[in-house]
Amino acid sequence: MGHQQITSKEGLALVEKVRKLAMRLPEVAEQVDAFGHISFRVNDKPFVMMGEGREDGPTLSIKTLPTTQEYLLAQEHFYKTPYIGQHGWVSIVGENVTDWKAIESYLTEGYLRSAPKRLAKLVQAT
């Protein structure tokens with residue numbers, strides 16, 4: 001991910017879509033770091049991050065299980081997130097996101113990996 005705040009029309013639209021999905025989950029907070037990356041966090045642990053600065057547009061990075069990461073990396077548009085990919089993070093350029101139901105599922109998976117047990121139980125019960 002680049003080191004600049006999301007300001008493009010495409011980037012802001014991507015943030016809005018992800019925000020709607022992420023904020024449905026219990027106790028999620030949105031944060032902007034010193035590099036301008038937007039993250040959605042639970043218990044101060046990020047499960048999704050977004051940035052801008054690549055030539056091909058804004059990116060979406062999601063924390064996944066190792067098996068999900070392996071599956072996604074075999075797909076055409078996903079790639080291992082720089083610096084944190086070894087922890088299960090995968091990324092995709094925003095313009096390549098076509099299946100929002102799948103993205104919602106991956107966001108929930110990332111949330112469950114980051115959330116305390118009491119919150120994970122609430123989400124798993126629904």
Query raised in the report: Is the backbone N or O of G11 less than 3.5 Å from a side-chain atom of S8, with the two atoms forming a donor-acceptor pair by type?
Result: yes
Query raised in the report: Would you say W89 and T64 make side-chain contact, with heavy atoms under 4.5 Å?
Result: no
**Report entry** E95 backbone acceptor or donor facing E10 side chain under 3.5 Å
**Finding:** no
Query raised in the report: Is Q69 reaching over with its side chain to a backbone N or O of G85, donor-acceptor style, under 3.5 angstrom?
Result: yes
Query raised in the report: Shortest non-hydrogen contact from A120 to A115?
Result: N-CB, 4.2 Å
Report task. List the steps and the verdict of side chain to side chain contact (heavy atoms under 4.5 Å, CB included) for V28 and F47. Result -> CA-CA 10 Å; V28 169; F47 63 96; 4.0 Å; yes
Requested in this report: With side chain to side chain contact (heavy atoms under 4.5 Å, CB included) as the test, would you mind laying out the steps for D44 and Q31 before giving the verdict?
Outcome: CA-CA 9 Å; D44 203 33; Q31 182 176 320; 3.7 Å; yes
Report task. Could you tell me whether a side-chain N or O of Y111 sits under 3.5 Å from a main-chain N or O of V123, the two making a donor and an acceptor? Result -> no
Requested in this report: Could you grab the distance from atom CZ of R19 to atom CD1 of I38, nearest 0.5 Å is fine?
Outcome: 6.0 Å
**Report entry** Pairwise side-chain contact, K80 with V90, heavy-atom cut-off 4.5 Å (strictly under)
**Finding:** no
Query - Non-hydrogen side-chain atoms of E104 and R24 separated by less than 4.5 Å - result: yes
Query raised in the report: Which value, rounded to the nearest 0.5 Å, describes the distance between Q86 atom CD and T81 atom OG1?
Result: 10.0 Å
Query raised in the report: Closest heavy-atom contact between V42 and P26?
Result: CG2-O, 4.0 Å
Query - Minimal non-hydrogen separation, P46 against R41, with atom names - result: CD-NH1, 3.5 Å
Query raised in the report: Please walk me through it: do I92 and Y79 pass side chain to side chain contact (heavy atoms under 4.5 Å, CB included)?
Result: CA-CA 7 Å; I92 187 170; Y79 59 95; 5.5 Å; no
Query raised in the report: In Å, rounded to the nearest 0.5 Å, how long is the span from CD of Q5 to NE2 of H37?
Result: 11.0 Å
**Report entry** Nearest-0.5 Å distance that lies between atom CD in Q124 and atom CG in L112
**Finding:** 5.0 Å
Query raised in the report: Do the side chains of H77 and V93 get nearer than 4.5 Å, heavy atoms only?
Result: no
Query raised in the report: Roughly how far, to the nearest 0.5 Å, is CE of M23 from CG of L107?
Result: 12.5 Å
Query raised in the report: Taking side chain as C-beta onward, heavy atoms only, is F40 less than 4.5 Å from M50?
Result: yes
**Report entry** same_hphob_cluster(M49, L65) at 4.5 Å side-chain heavy-atom cutoff
**Finding:** no
Report task. Measure across I6 and V15 and return the closest heavy-atom pair with its distance rounded to 0.1 Å. Result -> CD1-CG2, 3.6 Å
Query raised in the report: Would a 4.5 Å heavy-atom cut-off, applied to side chains only, mark N43 and S114 as touching?
Result: no
Query raised in the report: Does the pair H87 and R113 meet the rule for a side chain to side chain contact (heavy atoms under 4.5 Å, CB included), with working shown?
Result: CA-CA 11 Å; H87 302 293; R113 287 200 64 202; 5.9 Å; no
Query raised in the report: L60 versus I62: any side-chain heavy-atom pair under 4.5 Å?
Result: yes
Query raised in the report: Side-chain donor-acceptor pair under 3.5 Å between E30 and S39, yes or no?
Result: no
**Report entry** For the student: nearest non-hydrogen atoms of L14 and P58, plus distance
**Finding:** CD2-CB, 4.2 Å
Query raised in the report: Between L72 and F78, what is the shortest heavy-atom contact and its length?
Result: O-CB, 3.2 Å
Query raised in the report: Is there side-chain contact between L119 and P116, with at least one heavy-atom pair below 4.5 Å?
Result: yes
